[in-house]
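Only a predicted model underlies this, so the values are computations on that prediction, with no experimental measurement involved. Values below: all heavy atoms of this structure, side chains included; hydrogens, waters and symmetry mates excluded.
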Amino acid sequence: MKPYIFITRKLPNDVVRPLLEKFEVKMWMYEDQTVPREILLAEAAKADALLTMLTDKVDEALLKTGKKLKVVANMAVGYDNVDIQAASREGIAICNTPDVLTDTTADLTFALLMATARRMVEAAEFVKDGKWQSWSPFLLAGQDIHHKTIGIVGMGKIGQAVAKRATGFDMNILYHNRSKNQEAEKELGAIYTSFDELLRSSDFIVCLTPLTKETRHLFTREAFRKMKPSAIFVNASRGPVVDEQALYDALVSGEIAGAGLDVFDKEPIGQDHPLLKLSNVVALPHIGSATIESRTGMMRLCVENIEAILEGRPPKTLVNKDWQPGRGATL
């Protein structure tokens, strides 16, 4: 029998064609709806491979259910939805989709920074609502971006790409990371600093750190109080890195000037979310990598990783480096 693959969202047939030609493939019927947990568990129980989204919970229970499961290709750079240690114990390869979305996500992150600083969404709605009746010197006046200080928390590939964009605005670049990024320092003039110093000194604080036990609720009320009253906070990483109540309180009290958010603690959010009531918040529906080119590239990389594992070849982007092939794998 051909290996069986389950894909948790409807993807274009031309993208998954290499799998369709070689394996038995089933896709969830909807592009915009998460596959129900009970269906995902049932499919995992008989699948040799899963192609999952960041909204799918790939926990120990699911991995143990997949008695034939050899690989999970997660269509995201982050993999906080996957129990990596459990996967390694079960002999299941976990793959992600780095690199193909680096510049795309950096573009969106810097656009979000600019939109928040210059109050672009607020201004656009001002015009649409018919409120533009006259000119005044400080009508919807925002903040300059050029020659300001940007503080990047998480200087990985996306962080470095954001820093590169900041150089075009003659910005001073501070960063905080688990380790120093020598390349960013040499090529972009980025300066490593402590987390507290970054908060105190930056005009724009950009969060690009992965979600881990250490970074969950990294941005607390205390952290926001250390920022300048004029500071703009941007989060394009993962929602749970931020204590949303603390962020709301900081914005309402004027402890910081504004926030640009592409991610939230629990997604999707409804229109009644407290942060959406604030005019100094620009909110996006987690679209950091959402261009046709990047999303297609992510899909193709998932396909290539699955194809490689099932054919006994090393995958391109293995997450759990301690993985040892099991469950009948020929690698």
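Look at Glu197 and Arg200 and you find a salt bridge, because one of the NZ, NE, NH1 or NH2 atoms lies within 4.0 Å of a carboxylate O, short of that distance. A salt bridge between Lys64 and Asp83 is absent, with no side-chain N of the basic residue lying under 4.0 Å from a carboxylate O of the acidic one. For Asp107 and Arg165, the salt-bridge test passes: some basic side-chain N is under 4.0 Å from an acidic carboxylate O. With respect to Glu311 and Lys22, a salt bridge is recorded, a charged nitrogen being found less than 4.0 Å from a carboxylate O.
Across all non-hydrogen atoms, the minimal contact from Ile84 to Val319 is CD1-CG1, 3.9 Å. Taking all atoms of both residues into account, the shortest heavy-atom contact from Thr116 to Gly258 is CG2-C, 4.1 Å. The two residues Met53 and Asp56 make their nearest non-hydrogen contact at N-OD2, 2.8 Å.
No hydrogens or angles considered: a donor-acceptor pair under 3.5 Å links the side chains of Thr34 and Arg9. A side-chain donor-acceptor contact under 3.5 Å links Gln245 and Asp249. For the 3.5 Å distance criterion, the side chains of Thr212 and Glu214 qualify, holding a donor opposite an acceptor.
A centroid separation of less than 6.0 Å is found between the aromatic rings of Phe195 and Phe219. The aromatic ring centres of Tyr4 and Phe23 sit 6.0 Å or more apart.
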- Evaluation steps, side-chain contact (heavy atoms from CB on, under 4.5 Å), between Leu174 and Ser201: CA-CA 9 Å; Leu174 304 179; Ser201 301; 3.8 Å; yes
- Message: Pair Val58, Leu50 - check side-chain contact (heavy atoms from CB on, under 4.5 Å), show working.
- Response: CA-CA 10 Å; Val58 184; Leu50 295 175; 5.6 Å; no
- Query: Does the side-chain contact (heavy atoms from CB on, under 4.5 Å) test come out yes or no for Lys226 and Glu255, once each step is laid out?
  - Reply: CA-CA 9 Å; Lys226 292 176 181 176; Glu255 289 172 355; over 6 Å; no
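The NZ atom of Lys148 lies 10.0 Å from the CG atom of Leu113; values are rounded to the nearest 0.5 Å.
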